[in-house]
Amino acid sequence: MRATALFMPTVKEDPADAEAVSHKLMVRGGFVRQFASGIYIMLPLGWRVMQRICGVIREEMDGIGAVEMSMPTMHPADVWQATGRYESIGQEMFRLQDRGGRDMVLAMTHEEVFTWLASRELRSYRDLPQIWYQLQLKFRDEPRPKGGVLRVREFLMKDSYSFDIDEAGLDKSYEKHIGAYDRIFARCGVDIYRVESDSGFMGGAQAHEYIAPSAAGEDRIALCPSCGYAANVELARSVALPPAEAVGAAPTGEATDAPREVGTPGRRTIEEVSTYLGIAPSLLIKALVYVAGDRPVMALVRGDHSLHESKLARYLKTEVRAAQAEEVRAATGAEVGFVGPVGLPAGTGLRVVADESLRPAPVGAESPWPGPRGYAAGANKTDAHLVGVVVGRDFQPEYADLREAQEGDGCPQCGRTLIVEQGIEVGNIFKLGTKYSMPLGATVLDETGRERTMIMGSYGIGPARIAAAAVEQRSDDRGIVWPKAIAPFDVHIVQVQAKDQVQIEVAASLHDSLAAEGWEVLWDDRDERPGSKFADAELIGCPVRVTVGKGASLGMVEVEARRGGDRLEVAVGECGVLVRRLWEACE
RNA sequence: CGGGACGUGGCGCAGUCUGGUAGCGCACCUGCUUUGGGAGCAGGGGGUCGGAGGUUCGAAUCCUCUCGUCCCGACCA
């Protein structure tokens, strides 16, 4: 492909509205352009990358016996009403009406249609198992698109759906996907962690996410380097360190006979109260008021911990939101910053849920802080806190895992130290069970003639996120270093002098011979300054560059790998061999 | 949804506070020179200053409303 015939609008300066490295480089390299918030145009280079990623995905999906098809993106509302998601999803779904006033939606995912199809066409256990997939657009009205192509409102996704007669079959389909996904990400050159995840609005029993570590990612995952435990922090279990740093820091931590009130004028935050009272944050109780459904709930974590709202929501089995200042006042009688579990106004019946780390140690348990632990907490009186509060004596909360796992916590499996990493969710897999097949009546007859509801799984991968993750993980200060399997071209020929007849001939014959060997070749024949052409080649990031310049008249060209290493001068006839060698050495 | 910021030629920005009729760099067009790391000289084209309303003799600039975009948080397969 000649560059003069390719539309590749590169840009020298970073776009003003880009933050993430991948966003900047994909815009500058002429891969994508933003059309509207969260809606992107894939330019020729970007589309080639997408096609290559999709090609890898297709090969691996086909390899586990999945079959590709294509589903509509506009659905009548009734299928979504049947599964209850029409009501439960809310504003994230694009909705519209047809001319007859019928409610329609733009698909955010395709469980409903695939299950609808399965319910009509699969009749016998002999038809199972099935794995169906597609590469299709999804529409989600994200509240906040960001990070270029990372979080968008319209995007391509590989989604697959498995249909099995029983749980054992689902387990097999799930395992097959794990195998395929491992190969897909490895081939695409993206490092990933497979972590336990929340099944969220997909519902279902078990779920994993594939997280590509990157600073641009929105997910945080807790990892145990010792035993391999890996989970999204939104559900990661972990063992809190004891508040050891406070040991001996009298008068804190001592259990007096009863809580004692102390004045804390204007000290609301953990840090302010901690400093003012001279008590370590880990010996403070952080009390947060939430509205769960329509009722207020008080959630407690230790002062050095963070509450994870989705853990609270999962425990309460309802959506939660932070209470407004007036709601806090109504529930506790105190201003925000001074609320606590002791001394709540009588009769409110406020539900109090404490994180497990606040549960009193069993008698005789080994602890660096033997005996009851006295905490400081809000007094439910503006400008006052209580010290010497003993959990279980002064108040009786429910206990649940509410805290966000943090770096340094103990691994729930082996007890060693957890680390926390940030990353991009590039894929996920869910065991759905009968969440969709039941309401849509997707059943088959088993060998005894009995009607059985199919057991389903669903599995997603975001090709554009793979591309962005690859850029995030592989770029350098000059531009992108594409993994070889997903680069827009394999070989980038830079012809230094566009009008030099010898160089034209050498470049043309190289282009043709390399293409004949099966390489995708980009031939930069533009009449640009050499400096721009080199800079563009590095920005665009194809694995191997061949420079046709001064040496051409002597039959010599230069070959080098984008990832670094020597620039080798070789005779034109040797070029193909060297290209292969360098390409094979690339990741 | 809460908080913050920004909309000025294609791109990146200055000008706004303190009102006087729009400027810089890059890109683009023409010519000449140049050509292995984002050229030089000369000439040239291109802007409803996001939109609407208002104040004023006069608005990119002040006021009101509105639309768009980004960032932090919340939310989120």
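Below, each value reflects all heavy atoms present in this structure, side chains not excepted, and no hydrogens, waters or symmetry copies. Protein chains get the first letters and strands the later ones, always in sequence-line order, with residue 1 at the start of each.
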* To do: Please measure how far the P atom in B:G45 lies from the corresponding atom in B:G37, and state the result in whole Å.
  => 34 Å
* Asked: If you take atom types as modelled and just measure distance, does the side chain of A:Gln503 reach the base of B:G36 with a donor-acceptor pair under 3.5 Å?
  -> no
* Separation of the P atoms in B:C1 and B:G20, to the nearest angstrom -> 38 Å
* Side-chain donor-acceptor pair present, A:Asp536, A:Thr10, cut-off under 3.5 Å -> yes
* Please state the P separation for the pair B:G23 and B:G15 - nearest whole angstrom. => 16 Å
* **Pairwise P distance for B:U16 and B:U55, with rounding to whole Å** => 25 Å
* To do: Any strand is fair game: report the nucleotide pairing with B:G47 by Watson-Crick or G-U wobble, both distances under 3.5 Å, or none.
  => none
* Mind checking the P distance from B:A42 to B:C49? Whole angstroms is fine. -> 32 Å
* Asked: On a whole-Å scale, what distance lies between the C1' atoms belonging to B:U8 and B:C32?
  -> 34 Å
* Does a sphere of radius 6.0 Å around CD in A:Glu87 hold more than 12 heavy atoms from other residues, nucleotides or ligands, not counting ones at 6.0 Å or beyond? -> yes
* Would you mind reading off the distance between A:Asp14 atom CG and B:C13 atom C1', rounded to a whole angstrom? => 14 Å
* For B:G10, which nucleotide in any strand shown is its Watson-Crick or wobble partner with both distances under 3.5 Å? -> B:C26
* Confirm from the modelled atom types if A:Arg567 and B:G37 form a donor-acceptor pair under 3.5 Å, side chain to base only. => yes
* To do: Provide the closest heavy-atom pair for A:Pro145 versus A:Gly38 in the form atom of the first, atom of the second, distance.
  => CB-CA, 3.6 Å
* A:Asp219 or A:Asp536: which one's nearest nucleotide on RNA chain B is closer to the 5' end? -> A:Asp536
* To do: Map A:Lys158 and A:Ser37 onto RNA chain B by nearest heavy atom, then report which one ends up closer to the 5' terminus.
  => A:Ser37
* With side chains defined as the heavy atoms from C-beta onward, is the minimum distance between A:Arg545 and A:Phe534 less than 4.5 Å? -> yes
* Please state the C1' separation for the pair B:G25 and B:U48 - nearest whole angstrom. => 24 Å
* Quick one: look up who B:A74 pairs with, Watson-Crick or G-U, both distances under 3.5 Å, and put none if it's unpaired. => none
* Checking only heavy atoms, does the side chain of A:Arg545 share a donor-acceptor pair with the base of B:G37 at less than 3.5 Å? -> yes
* Could you verify whether a donor N or O on one side chain and an acceptor N or O on the other, from A:Tyr40 and A:Glu154, lie under 3.5 Å apart? => no
